[in-house]
Amino acid sequence: MNELSPGKNIVLVGNPNVGKSVVFNYLTGRYVDVANFPGTTTNVICGRFGCDAVTDTPGIYGISSFNEEEKIARDIVLHGDILVNIVDAVHLERDLFLTQQLIDTGIPVLVVLNMIDEAEQHGLKVDIKVLQELLGVPVIATSAVSGRGMPQLKEAIYQARVGRVLPQVQEKIGELPDQVPRPDKLLILEGDQYVAGKYKLIARNYRDEIYGARRRWVNELVAMSVRETGRGQALGAALGRWMIQPVTGIPLLIFTLWAIYQLVGVFVAQTVVGFTEETIMVQYFQPLARYLAGHLVAPESAVGKILVGQFGVVTMTVTYLLGLLFPLVLGFNLVLAVLEDTGYLPRIATLLDRMLMVFGLNGQAVIPLVLGFGCVTMALMSTRLLGSVRERRIATIILALTVPCSAQLAIIATMLAGLGPGYAVIYGLIILSVFISGGVLLDKFVPGKSSSLWIDLPPLRLPRLQNVLQKSWHKSKEFILEATPLFALGALALGLLDVSGALEAIENALIPLTVNWLGLPKEAASGFIMGVIRREFGTAGLFSFPMSDLQKLVALTTITLFVPCVASAMVIFKEWGWREGSFIWLGVIFMAFLVGGTVNQLLHLFISIPHTSPLTMLAGVIILWLVLILGLSWLKPAHDK
């Protein structure tokens with residue numbers, strides 16, 4: 001390796017889904033989520049390579065300020081000393097457009113031709129020497145996930161150099177004052193108002209001319225450096241097409257969801273959790289904790305109850321976190337990691353695009369919606385990927401109201417498994433009806449304009465076991481570390497309320513709501529109080545007192561629609577401000593109790609009718625409501641899209 005040049009700022013730049021995060025991991029040794037769908041890297045991540053700084057930028061198609069990701073990347077690129085441009089060898093005609101724009105900045109560039117093994121499998125042969133000569137910068141062929149070419153990448157970083165600038169750019173650079181840095185001149189020529197404003201200049205209008213010349217040059221590059229050998233992978237391409245066509249894609253999606261339920265909802269939620277919670281925690285850990293605490297304080301004292309009582313900081317927190325939630329979250333994260341790494345998620349987005357248009361969204365909204373089943377907080381942050389404020393607002397409300405996170409969903413699955421398939425179907429119909437109703441009504445009344453779907457479909461890949469395991473463990477560990485203090489504080493608060501008698505006073509005050517309207521025991525109030533801290537904490541709290549099957553259905557419905565956890569609420573307030581954030585937060589609480597109470601009142605009405613099944617009658621009402629609301633979405637002119 002060349003002698004290190006201390007103080008260099010190395011910037012990783014590339015289109016979405018080209019492997020920047022894997023390269024970043026290799027160079028810095030710092031773990032970053034590695035996924036196979038657009039929008040994975042939405043934050044700027046920094047690390048060290050020797051004495052130099054390495055920055056991993058969001059996936060972009062250019063540095064011309066078209067969206068938030070490009071603005072972030074633009075500001076980082078303009079201050080970079082070395083630009084490491086990662087491109088997908090399978091899609092050079094797309095990725096080299098950004099490559100040439102980076103070269104036109106005049107900053108030293110190194111091109112990493114990643115996924116070269118996939119290009120070979122698709123019957124593509126890239127002539128590295130020709131491409132390197134035409135671009136005027138070093139080109140390194142790699143397969144980052146397998147490590148192929150990565151040692152050579154480390155050797156080549158400091159060989160980055162200024163490449164061949166487009167003649168159309170070179171001849172116009174002289175129009176701008178010498179005091180303007182060379183990279184900034186390019187963006188001013190391309191019409192970037194922000195960069196021009198920094199120097200009190202007027203942005204030029206050469207964007208179309210430069211972009212046209214750049215596109216023609218990239219087409220020539222690909223024609224001269226890439227040839228097809230005719231040994232493509234027909235099966236993978238065919239399967240990818242089947243996944244996005246409704247006739248074949250919907251059955252494949254239904255089968256995938258069924259398989260996920262069998263793995264997470266049945267095996268993990270019942271078999272694994274049955275052992276970790278009931279055997280390890282209840283039979284062994286809790287008695288041991290009470291025995292040890294008994295040597296320090298009297299078990300029936302206030303301190304003893306706070307430590308190891310019903311809401312014990314030690315017993316309740318550890319049991320829920322390690323015995324119940326950790327295996328559930330780990331199981332779901334394993335499934336999500338496999339879906340990400342195979343490239344199936346963007347195909348689900350394409351498949352569901354027309355369906356989500358009913359809600360004023362496009363198929364890309366499936367990404368935050370699917371992420372919401374892992375972590376609603378993460379999903380709320382990922383709504384920034386959506387193309388308009390209107391779509392972000394609709395997606396935020398739907399996520400906050402109807403999408404349970406993996407931890408809560410797994411607990412719900414456990415409770416539903418004990419109730420039987422009939423209750424599971426009714427529960428699913430209720431949540432689905434709220435999801436569809438909310439989306440349709442939001443589409444009608446939320447002002448603004450929605451955008452069309454623009455998304456890359458990466459090649460289908462077999463997931464790498466190491467990456468899947470590493471990502472799943474990392475996310476699950478982060479969840480436990482984040483949740484532990486919140487769970488402990490929640491248990492402490494409930495314990496203090498319990499020993500002081502305040503909890504009973506709150507329960508009595510909420511009797512008109514919990515008992516009269518929802519038809520639940522008054523103790524259910526503690527579950528909703530816990531739900532404000534963590535939704536899964538509140539859901540798990542519903543296990544602590546006896547209820548009938550119908551009461552459990554009402555309780556599960558209400559707690560599912562209840563407000564997201566504190567962390568998610570903070571994201572809502574941060575994204576939308578305290579005024580609108582409070583409106584969303586309080587509106588979700590109102591809707592949760594409205595729907596839960598309506599379900600309870602209908603069930604009691606149907607019970608009073610002789611020779612009828614209350615569940616069957618309720619299912620009929622829900623289906624009728626869905627027909628009416630979907631009719632509204634088709635008959636009433638939709639909002640301006």
Are side-chain heavy atoms of V499 and V303 found at a separation under 4.5 Å?
no
Sub-4.5 Å side-chain heavy-atom contact between V54 and C46:
no
Atom pair CZ/CZ of F49 and F24 - distance to nearest 0.5 Å:
12.5 Å
One should read off an interatomic distance between I609 CD1 and M617 CE, to the nearest 0.5 angstrom, of 4.5 Å
Between D443 and L361, is there a side-chain heavy-atom distance shorter than 4.5 Å?
no
For the side chain of W517 and the backbone of F593, is there at least one donor-acceptor N/O pair under 3.5 Å apart?
yes
Within the 4.5 Å heavy-atom criterion, are L586 and F590 side-chain neighbours or not?
no
For the CD1 atom of I397 and the CZ atom of F359, what is their distance to the nearest 0.5 Å?
13.5 Å
Is there a side-chain contact between L369 and L356, using heavy atoms and a 4.5 Å cut-off?
yes
Straight-line distance of L322 CG to I280 CD1, nearest 0.5 Å:
9.5 Å
Smallest separation among heavy atoms of V297 and G304, with atom names
CG2-CA, 3.9 Å
Would you find a donor on one side and an acceptor on the other, under 3.5 Å apart, between the side chain of R48 and the backbone of T28?
no
Whether N25 side chain and S21 backbone form a donor-acceptor pair below 3.5 Å
yes
For L401 versus M591, what's the shortest heavy-atom pair and its separation?
CD1-CB, 3.9 Å
Shortest non-hydrogen contact between A488 and T317, atoms and distance
CA-OG1, 3.7 Å
Please table the atom pairs, donor to acceptor, closer than 3.5 Å between any side-chain atom in residues 427-436 and protein atoms at least two apart or in another chain.
unit_1	atom_1	unit_2	atom_2	d
Y427	OH	T560	OG1	2.7
S433	OG	L429	O	3.3
S433	OG	I430	O	2.6

Could you work out, with salt bridge (Lys or Arg N to Asp or Glu O under 4.0 Å) as the rule, every residue matching R393, not counting sequence neighbours?
E580
F326 and W473: aromatic ring centres closer than 6.0 Å?
yes
Hey, does M547 have a side-chain heavy atom less than 4.5 Å from the side chain of L520?
yes
Can T558 and V595 be said to form a side chain to side chain contact (heavy atoms under 4.5 Å, CB included), step by step?
CA-CA 7 Å; T558 309; V595 174; over 6 Å; no
Backbone of G519 reached by a side-chain donor or acceptor of Q551 within 3.5 Å:
yes
Kindly give the heavy-atom pair with the smallest separation between K20 and G59, and that separation in Å.
NZ-CA, 3.5 Å
Between T342 and L339, is there a donor-acceptor pair closer than 3.5 Å when you use the side chain of the first and the backbone of the second?
yes
Give the intermediate values and the outcome of side chain to side chain contact (heavy atoms under 4.5 Å, CB included) for residues N600 and L553.
CA-CA 9 Å; N600 173 60; L553 175 63; over 6 Å; no
Donor-acceptor pair, side chain of T57 and main chain of L12, under 3.5 angstrom
yes
Give me the one residue out of T319, T315, T276 that meets side-chain contact (heavy atoms from CB on, under 4.5 Å) with M281.
T319
If you compare all heavy atoms of P521 against all heavy atoms of P546, which two are closest, and at what distance to 0.1 Å?
CG-O, 3.9 Å
Run the side chain to side chain contact (heavy atoms under 4.5 Å, CB included) test on V588 and L561 for me, step by step, so that the C-alpha distance in whole Å, both residues' side-chain angles and the decisive distance to 0.1 Å come before the verdict.
CA-CA 7 Å; V588 169; L561 303 175; 6.0 Å; no
Evaluation steps, side chain to side chain contact (heavy atoms under 4.5 Å, CB included), between L496 and L492:
CA-CA 6 Å; L496 291 172; L492 176 62; 4.1 Å; yes
Enter the distance from L399:CG to I572:CD1 here, rounded to the nearest 0.5 Å.
8.5 Å
If you define the side chain from C-beta out and look only at heavy atoms, does anything of Y291 sit under 4.5 Å from V308?
no
Least distance between heavy atoms, V272 atom then P327 atom:
CG1-CB, 3.9 Å
I need the R390 CZ to L442 CG distance, nearest 0.5 Å.
9.0 Å
Would you say the side chain of L550 lies within less than 4.5 Å of the side chain of I607, judging by non-hydrogen atoms?
yes
